[in-house]
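Okay, so here's the structure we're looking at.
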Amino acid sequence: TAPARDRLRIAIQKNGRLAEPARSLLTACGLSWRQSRDKLFCYGESLPVDLLLVRDDDIPGLIADGVCDFGIVGRNELDEQGAARRRIGLPDAYQALRGLNFGQCRLMLAVPEEWEWSGVEQLAGKRIATSYPAILADWLAARGVDAQVVELSGSVEIAPRLGTADLICDLVSSGATLAANQLKPVETLLESEAVLAGPVKTPDDARAGLMAMLLRRLDGVVKVRD
Ligand code: PRT
Ligand code: ZN
């Protein structure tokens, strides 16, 4: 088990879509930080709550390893890594504690515009490009569809034009990216938003009280903003 700590650590995205809204949400909860020079670690001033600024992909693992107590991350990223852990027999190590009402998007299947969509049976034998291979594999398995998952770390939406896949499974917000690539959304796998993620088991040291207090403040702030 991880060593006892008396300060809380929260991981948020360093750059990207969730970076600014995550920081401003925590500021609205009354947190402030002494800016560190390298800006990867921000020392909490108003409360013993420090920030770690990281890639969003690293946030679930930091919670699983006990390096951070909370993280603000897309449900899509948390679910993907959770599904990947389950697929290799690892126990659940984190959970979404609260929806935060920003970063809304959908994980969707999108097919070339000229396809006539008749349903999931149509996916049999097809190649699907995605950065969410575990969520997609679970979704296909639950529907008994035998399709090939092609894992790509980026530029998923050009895969059909390049011929490396027949269709894609990707995040969509406005839909402009799909349209620009002559793709149309046909199925929703996941409704996502930024979530506060935490461990499945609360630590039994000074952090427990801080975590409870932060959750209470967060609930107040998110409710007022709604
Ligand atoms: O560097 P780091 O690894 O931390 O960042 P990242 O590049 O992996 O993530 P980032 O900042 O792009 O996204 C962080 C999180 O924002 C995602 O995990 C989602 O939870 C959330 N989010 C919300 C989105 C979108 N909306 C979104 N639209 N993430 C990505 N997109 C993509 C979409 O796939 C498309 O390619 O943005 C493009 C524009 O979308 P449309 O539909 O508006 O055209
Ligand atoms: Zn990322």
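Below, each value reflects all heavy atoms present in this structure, side chains not excepted, and no hydrogens, waters or symmetry copies. Residues: numbered from 1 along the sequence shown.
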| field | Distance, nearest 0.5 Å, that separates CD1 of Ile59 from CD of Glu77 | value | 8.5 Å

| message | Hydrophobic clusters here meaning ILVMFWY residues chained together by side-chain heavy-atom distances under 4.5 Å, can you tell me if Leu136 and Val145 are in one? | response | yes

| note | Taken in chain and number order and not counting sequence neighbours, the residues that satisfy side-chain hydrogen bond (donor to acceptor under 3.5 Å, both in side chains) with Arg86 are Asp92

| Are side-chain heavy atoms of Gln182 and Glu114 found at a separation under 4.5 Å? | no

| message | Would you say that Ile10 contacts Cys68 through its side chain, given a criterion of any heavy-atom pair below 4.5 Å between the two side chains? | response | no

| query | Considering only heavy atoms from C-beta outward, does the side chain of Leu123 approach that of Leu167 to under 4.5 Å? | reply | yes

| field | Residue pair Cys29 / Leu214: nearest heavy atoms and the distance that separates them | value | CB-CD1, 4.4 Å

| request: Give the minimum heavy-atom separation between Pro199 and Ile63, together with the two atoms involved. | output: N-CG2, 3.7 Å

| message | Looking at every heavy atom in both Asn181 and Thr177, which two are closest together, and how far apart are they? | response | ND2-O, 2.8 Å

| query | Is Val172 reachable from Ile168 through a run of I, L, V, M, F, W or Y residues, each pair having side-chain heavy atoms under 4.5 Å apart? | reply | yes

| said: Under 4.5 Å between side-chain heavy atoms, counting indirect links through other Ile/Leu/Val/Met/Phe/Trp/Tyr residues: same cluster for Leu97 and Leu25 or not? | reply: yes

| request: Verify the neighbour count for atom NZ of Lys39: are there more than 12 heavy atoms of other residues, nucleotides or ligands below 6.0 Å? | output: no

| query | Rounded to the nearest 0.5 Å, how far apart are OG of Ser155 and CG of Leu162? | reply | 8.5 Å

| Interatomic spacing from CG in Leu52 to SG in Cys42 - rounded to 0.5 Å | 8.5 Å

| message | Does Arg7 form a salt bridge (charged side-chain N to carboxylate O under 4.0 Å, His left out) with Asp50? I'd like the steps, not just the answer. | response | CA-CA 7 Å; Arg7 300 182 65 86; Asp50 305 324; 2.8 Å; yes

| Donor-acceptor contact present, side-chain Gln122 to main-chain Glu116, <3.5 Å | yes

| query | Given side chains that start at C-beta, do those of Ile158 and Thr164 come closer than 4.5 Å, heavy atoms only? | reply | no

| Closest non-hydrogen atom pair, Leu218 against Leu196 | CD2-CD2, 3.8 Å

| field | side-chain contact (heavy atoms from CB on, under 4.5 Å) between Leu26 and Ile72, intermediate numbers included | value | CA-CA 10 Å; Leu26 296 175; Ile72 293 180; 4.1 Å; yes

| field | Donor-acceptor contact below 3.5 Å, side chain Tyr94 vs main chain Gly82 | value | yes

| query | Quick check: does any side chain N or O of Gln13 sit under 3.5 Å from a backbone N or O of Asn15, one acting as donor and the other as acceptor? | reply | yes

Output a table of donor-acceptor pairs, distance under 3.5 Å, between side-chain atoms of residues 183-195 and any protein atom two or more places apart or on a different chain; print 'none' if there are none.
from: Lys184; atom 1: NZ; to: Glu113; atom 2: O; distance (Å): 3.3
from: Lys184; atom 1: NZ; to: Trp115; atom 2: O; distance (Å): 2.5
from: Glu187; atom 1: OE2; to: Trp117; atom 2: NE1; distance (Å): 3.3
from: Glu191; atom 1: OE1; to: Arg106; atom 2: NE; distance (Å): 3.1
from: Glu191; atom 1: OE2; to: Arg106; atom 2: NE; distance (Å): 3.3
from: Glu191; atom 1: OE2; to: Arg106; atom 2: NH2; distance (Å): 3.4
from: Ser192; atom 1: OG; to: Arg75; atom 2: N; distance (Å): 3.4
from: Ser192; atom 1: OG; to: Asn76; atom 2: N; distance (Å): 3.1
from: Ser192; atom 1: OG; to: Asn76; atom 2: OD1; distance (Å): 2.8
from: Glu193; atom 1: OE1; to: Asn101; atom 2: N; distance (Å): 2.9

| Going by heavy atoms in the side chains, are Leu18 and Phe102 under 4.5 Å from each other? | yes

| said: Is any side-chain heavy atom of Trp139 closer than 4.5 Å to one of Leu109? | reply: yes

| said: Between Met108 and Asp170, does the side-chain contact (heavy atoms from CB on, under 4.5 Å) criterion hold? Intermediate values first, please. | reply: CA-CA 6 Å; Met108 301 191 80; Asp170 202 5; over 6 Å; no

| What do the steps show when you test Tyr43 against Leu51 for side-chain contact (heavy atoms from CB on, under 4.5 Å), and what is the final call? | CA-CA 7 Å; Tyr43 187 85; Leu51 277 192; over 6 Å; no

| query | Is any side-chain heavy atom of Ile128 less than 4.5 Å from a side-chain heavy atom of Leu140? | reply | yes

| query | Of the non-hydrogen atoms in Ala134 and Glu80, which two are nearest, and what is the gap between them? | reply | N-OE2, 2.8 Å

| message | Whether Arg207 and Asp69 form a salt bridge (side-chain N of Lys/Arg under 4.0 Å from carboxylate O of Asp/Glu) is what I want to check. | response | yes

| query | Would Leu78 and Gln95 satisfy side-chain contact (heavy atoms from CB on, under 4.5 Å), going step by step from the backbone distance to the final call? | reply | CA-CA 8 Å; Leu78 199 69; Gln95 57 180 326; over 6 Å; no

| Quick one: do Leu152 and Ile135 end up in the same hydrophobic cluster if we chain Ile, Leu, Val, Met, Phe, Trp and Tyr together by side-chain heavy atoms under 4.5 Å apart? | no

| said: Applying a strict under-4.5 Å side-chain criterion to I, L, V, M, F, W and Y, I'd like to know whether Trp33 and Met211 cluster together. | reply: yes

| query | Do Leu62 and Arg9 come within less than 4.5 Å of each other through their side chains, counting heavy atoms only? | reply | no

| field | Basic-acidic side-chain contact under 4.0 Å: Asp56, Lys14 | value | no

| Closest contact, heavy atoms only, Arg5 versus Asp205 | N-OD2, 3.1 Å

| task | Output yes when a side-chain donor or acceptor of Ser46 lies under 3.5 Å from a complementary backbone atom of Gly30, and no otherwise. | result | yes

